[in-house]
**Q** 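Below: one structure in structure tokens.
Numbers here simply count residues along the sequence, with the first being 1. Note that these values count all heavy atoms, side chains included, but never hydrogens, waters or copies made by symmetry.
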Amino acid sequence: DRVAERSHVVRKEDALDLPPTNDINVHFDLSTREAKAYKEMAEDLAAELESGELLEVPNVLAKLMKLRQIHAGFLKDTATGEIHNIGTTLRKTVKDIVDVQLVGEKRLVVFAYFRPECDLLADSFRRKGQKVELITGATGADERLAIRQRFLDVSRNKERTILVAQQRTMSVSVNELVSAQHAIYASISERRNDMVQSRGRLDRKGQTKPVTFWNVFVPGLIGDIMLQSNLHKGDLEKALLDHIRLAIR
């Protein structure tokens with residue numbers, strides 16, 4: 001109450017004259033193996049791995065997390081920490097955007113939710129003449145700052161650079177991403193504020209060009225549901241539970 005008496009709130013769109021933003025939705029289909037794992041997990045709280053082993057989860061909350069992982073192309077065994085590669089469809093779709101549709105861009109940001117997913121995406125981008133930077137929860141504060149500063153300083157770091165970032169680690173107090181005009185969302189956080197804030201790292205004071213956000217997902221599956229709920233302020237919990245109920249009918 002004391003703060004409110006001395007505060008004045010202004011929306012960003014009313015205070016800053018920023019270039020326009022645009023969203024492009026990029027759809028893909030799961031591979032046969034990915035679709036099988038997704039269906040099994042949605043219906044039975046378990047998915048069969050390539051080895052024949054069953055990876056089981058104890059409840060609906062764990063199931064939702066595993067469905068998000070399968071959508072991203074991997075499964076993590078919670079008990080052992082082992083990462084199982086389920087497929088590469090999403091990563092190939094993101095790579096096509098980077099290598100074909102945005103080939104002329106010197107700076108690109110790729111946001112993802114899971115740390116293993118960030119590692120897999122970064123590995124897929126590495127090639128001669130292209131620098132890949134990686135920031136996750138495991139990246140130390142000093143290294144994060146150094147990466148951000150290299151990303152901003154295009155005149156000294158002229159090599160094409162792709163920054164792969166775990167969404168939540170880059171959602172606040174980051175000003176250096178204005179050197180990019182495109183951000184690709186391979187997967188998103190369940191917290192709407194993470195998406196709003198991460199988009200704001202490009203769409204902010206200092207940005208001089210229009211910004212495009214590329215949203216990559218399978219229509220009707222968990223990535224689509226989470227995106228629509230975040231963009232339109234929907235009831236995410238209800239939407240996810242409805243998705244599960246439909247899957248087991």
**Q** Rounded to the nearest 0.5 Å, what separation is found between the CD1 atom of Ile86 and the NZ atom of Lys66?
**A**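 So the gap between those two atoms works out to 10.0 Å.
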**Q** Of all residues at least two apart in sequence or in a different chain, which pass the ring-ring contact (aromatic ring centres under 6.0 Å, His included) check with Phe114?
**A**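 Applying ring-ring contact (aromatic ring centres under 6.0 Å, His included) to Phe114 gives Phe74.
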**Q** Mind checking whether Ile135 and Leu121 sit in one hydrophobic cluster, side chains of I, L, V, M, F, W, Y counted as touching below 4.5 Å?
**A**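 Shared cluster, yes.
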**Q** List the residues meeting side-chain hydrogen bond (donor to acceptor under 3.5 Å, both in side chains) with Arg204, not counting sequence neighbours, and say none if there are none.
**A**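 side-chain hydrogen bond (donor to acceptor under 3.5 Å, both in side chains) check on Arg204 returns Asn175.
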**Q** What distance do Asp194 atom CG and Arg199 atom CZ have between them, rounded to the nearest 0.5 Å?
**A**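 Reported value, rounded in 0.5 Å steps: 13.5 Å.
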**Q** Between Glu105 and Val98, does a side chain to side chain contact (heavy atoms under 4.5 Å, CB included) hold up when you go through it step by step?
**A** CA-CA 9 Å; Glu105 297 294 323; Val98 169; over 6 Å; no
**Q** Can a donor-acceptor pair be found, under 3.5 Å and without considering hydrogens, that links the side chain of Thr212 to the backbone of Pro210?
**A**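 Flag not set: sc Thr212 to bb Pro210 has no pair under 3.5 Å.
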**Q** Counting distance only, does the side-chain N/O of Arg201 pair as donor-acceptor with the main-chain N or O of Gln197 below 3.5 Å?
**A**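 Between the backbone of Gln197 and the side chain of Arg201 there is a qualifying donor-acceptor contact (under 3.5 Å).
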**Q** Flag yes if Ile184 and Val26 sit in one hydrophobic cluster, no otherwise; membership is Ile, Leu, Val, Met, Phe, Trp, Tyr, and two members link when side-chain heavy atoms are under 4.5 Å apart.
**A**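 Hydrophobic grouping puts Ile184 with Val26.
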**Q** Can you name the residues that form a side-chain hydrogen bond (donor to acceptor under 3.5 Å, both in side chains) with Lys12, not counting sequence neighbours?
**A**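 Lys12: side-chain hydrogen bond (donor to acceptor under 3.5 Å, both in side chains) contacts with Asp203.
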**Q** Where is the tightest heavy-atom contact between Arg91 and Gly73, given as atom of each residue plus distance?
**A**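 Where Arg91 meets Gly73 most closely, the heavy atoms are NH1-O, 4.0 Å.
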**Q** Hey, are the side chains of Glu34 and Asp29 touching, using non-hydrogen atoms and a 4.5 Å cut-off?
**A**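 A side-chain contact is absent here, since even the closest heavy-atom pair is not under 4.5 Å.
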**Q** Please say yes or no: joined through hydrophobic side-chain contacts below 4.5 Å, possibly via intermediate residues, are Phe28 and Leu120 part of one cluster?
**A**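 Different clusters: Phe28 never reaches Leu120 through Ile, Leu, Val, Met, Phe, Trp or Tyr contacts under 4.5 Å.
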**Q** Mind listing the closest non-hydrogen atom pair of Val109 and Ala180 along with its distance?
**A**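 Looking at all heavy atoms of both residues, the closest pair is CG2-CB, 4.0 Å.
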**Q** Going by heavy atoms in the side chains, are Phe151 and Leu177 under 4.5 Å from each other?
**A**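 Counting from C-beta outward, Phe151 and Leu177 do come under 4.5 Å.
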**Q** Do you know which of Leu152, Leu202, Val211 makes side chain to side chain contact (heavy atoms under 4.5 Å, CB included) with Val178?
**A**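 For Val178, the side chain to side chain contact (heavy atoms under 4.5 Å, CB included) check succeeds only for Leu152.
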**Q** For Leu67 and Ala42, which heavy atoms make the closest approach, and how far apart are they?
**A**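 Looking at all heavy atoms of both residues, the closest pair is CD2-N, 3.9 Å.
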**Q** Nearest 0.5 Å, please: how far is CD1 in Ile162 from NZ in Lys131?
**A**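 That separation rounds to 12.0 Å.
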**Q** When rounded to the nearest 0.5 angstrom, what distance separates NE2 in His71 from OG in Ser187?
**A**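 Between atom NE2 of His71 and atom OG of Ser187 there are 8.5 Å.
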**Q** Verify whether one side chain among Tyr185 and Gln167 offers a donor that lies under 3.5 Å from an acceptor in the other.
**A**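 Checked: Tyr185/Gln167 side chains show no N/O donor-acceptor pair below 3.5 Å.
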**Q** Would you please name every residue forming a side chain to side chain contact (heavy atoms under 4.5 Å, CB included) with Asp99, sequence neighbours left out?
**A**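 Once residues adjacent in sequence are excluded, the partners of Asp99 under the side chain to side chain contact (heavy atoms under 4.5 Å, CB included) criterion are Lys95, Arg127, Gln130, Arg160.
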**Q** Any salt bridge (charged side-chain N to carboxylate O under 4.0 Å, His left out) pairs touching residues 205-218, not counting sequence neighbours?
**A**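 Checked against salt bridge (charged side-chain N to carboxylate O under 4.0 Å, His left out) - neighbours excluded - no pair reaches residues 205-218.
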**Q** Specify the closest pair of heavy atoms between Ser179 and Val154, including all atoms of both residues, with the distance to one decimal.
**A**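 Closest heavy-atom pair between Ser179 and Val154: CB-CG2, 4.1 Å.
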**Q** Got a second to check how far Ile188's CD1 is from Met226's CE, nearest 0.5 Å?
**A**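 If I round to the nearest 0.5 Å, the distance is 5.0 Å.
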**Q** Find the distance between NZ (Lys39) and CD1 (Ile70) and round it off to the nearest 0.5 Å.
**A**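 That separation rounds to 12.5 Å.
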**Q** If I compare all heavy atoms of Ile83 with all of Pro116, which pair ends up nearest, and what's the gap?
**A**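 Heavy-atom minimum between the residues: CD1-CG, 3.7 Å.
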**Q** Is there a side-chain contact between Leu108 and Phe125, using heavy atoms and a 4.5 Å cut-off?
**A**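 Leu108 does not reach Phe125 side chain to side chain.
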**Q** Among residues at least two apart in sequence or on other chains, which ones pass salt bridge (charged side-chain N to carboxylate O under 4.0 Å, His left out) with Lys238?
**A**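 With neighbours one apart ignored, the set is Asp242.
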**Q** Under the salt bridge (charged side-chain N to carboxylate O under 4.0 Å, His left out) rule, collect the residues that match up with Asp123, sequence neighbours excluded.
**A**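 If we apply the salt bridge (charged side-chain N to carboxylate O under 4.0 Å, His left out) test to Asp123, skipping adjacent residues, the hits are Arg126.
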**Q** Under 3.5 Å, which donor-acceptor pairs link side chains of residues 141-149 to any protein atom two or more places apart or in another chain?
**A**
residue: Arg144; atom: NE; partner: Thr139; partner atom: O; Å: 2.8
residue: Arg144; atom: NH2; partner: Thr136; partner atom: O; Å: 3.4
residue: Arg144; atom: NH2; partner: Thr139; partner atom: O; Å: 3.4
residue: Arg148; atom: NE; partner: Glu176; partner atom: OE1; Å: 2.8
residue: Arg148; atom: NH2; partner: Ser173; partner atom: O; Å: 3.4
residue: Arg148; atom: NH2; partner: Glu176; partner atom: OE1; Å: 3.3
residue: Arg148; atom: NH2; partner: Glu176; partner atom: OE2; Å: 3.3

**Q** Side-chain contact, heavy-atom cut-off 4.5 Å: Leu134 with Cys118?
**A**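 Leu134 reaches Cys118 side chain to side chain.
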**Q** Quick one, Arg107 and Asn157 - any side-chain contact, counting heavy atoms below 4.5 Å?
**A**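 Side chain of Arg107 against side chain of Asn157, heavy atoms only: contact under 4.5 Å found.
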**Q** Quick one: do Val164 and Leu102 end up in the same hydrophobic cluster if we chain Ile, Leu, Val, Met, Phe, Trp and Tyr together by side-chain heavy atoms under 4.5 Å apart?
**A**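 Yes, Val164 connects to Leu102 through the hydrophobic network.
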**Q** When you measure from the side chain of Gln166 to the backbone N and O of Tyr113, does any donor-acceptor pair fall under 3.5 Å?
**A**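 Yes: the side chain of Gln166 pairs with the backbone of Tyr113.
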**Q** Kindly write out the residues that satisfy side-chain hydrogen bond (donor to acceptor under 3.5 Å, both in side chains) with Ser7, not counting sequence neighbours, or none if the list is empty.
**A**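 For Ser7, no residue satisfies side-chain hydrogen bond (donor to acceptor under 3.5 Å, both in side chains) once neighbours in sequence are set aside.
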**Q** Without placing hydrogens or testing angles, list every side-chain donor-acceptor pair under 3.5 Å for residues 213-224, not counting sequence neighbours.
**A**
residue: Trp214; atom: NE1; partner: His182; partner atom: ND1; Å: 3.0
residue: Asn215; atom: ND2; partner: Asp23; partner atom: OD2; Å: 2.9
residue: Asn215; atom: ND2; partner: Asn25; partner atom: OD1; Å: 3.1
residue: Asp224; atom: OD1; partner: Gln228; partner atom: NE2; Å: 3.4
residue: Asp224; atom: OD2; partner: Gly220; partner atom: N; Å: 2.9

**Q** Side-chain heavy atoms nearer than 4.5 Å, only ILVMFWY residues, links allowed to pass through others: does that put Leu163 and Val132 together?
**A**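 Linked, Leu163 and Val132 end up in one cluster.
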**Q** Go through Lys76 and Glu117 one step at a time and tell me if the salt bridge (charged side-chain N to carboxylate O under 4.0 Å, His left out) criterion holds.
**A** CA-CA 10 Å; Lys76 181 178 180 179; Glu117 179 188 10; over 6 Å; no
**Q** Quick one: list whatever passes side chain to side chain contact (heavy atoms under 4.5 Å, CB included) with Asp14, sequence neighbours left out.
**A**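 Here the qualifying residues are Val10, Arg11.
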**Q** Output all residues satisfying side-chain hydrogen bond (donor to acceptor under 3.5 Å, both in side chains) with Gln101, sequence neighbours left out; order by chain, then residue number.
**A**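 For Gln101, no residue satisfies side-chain hydrogen bond (donor to acceptor under 3.5 Å, both in side chains) once neighbours in sequence are set aside.
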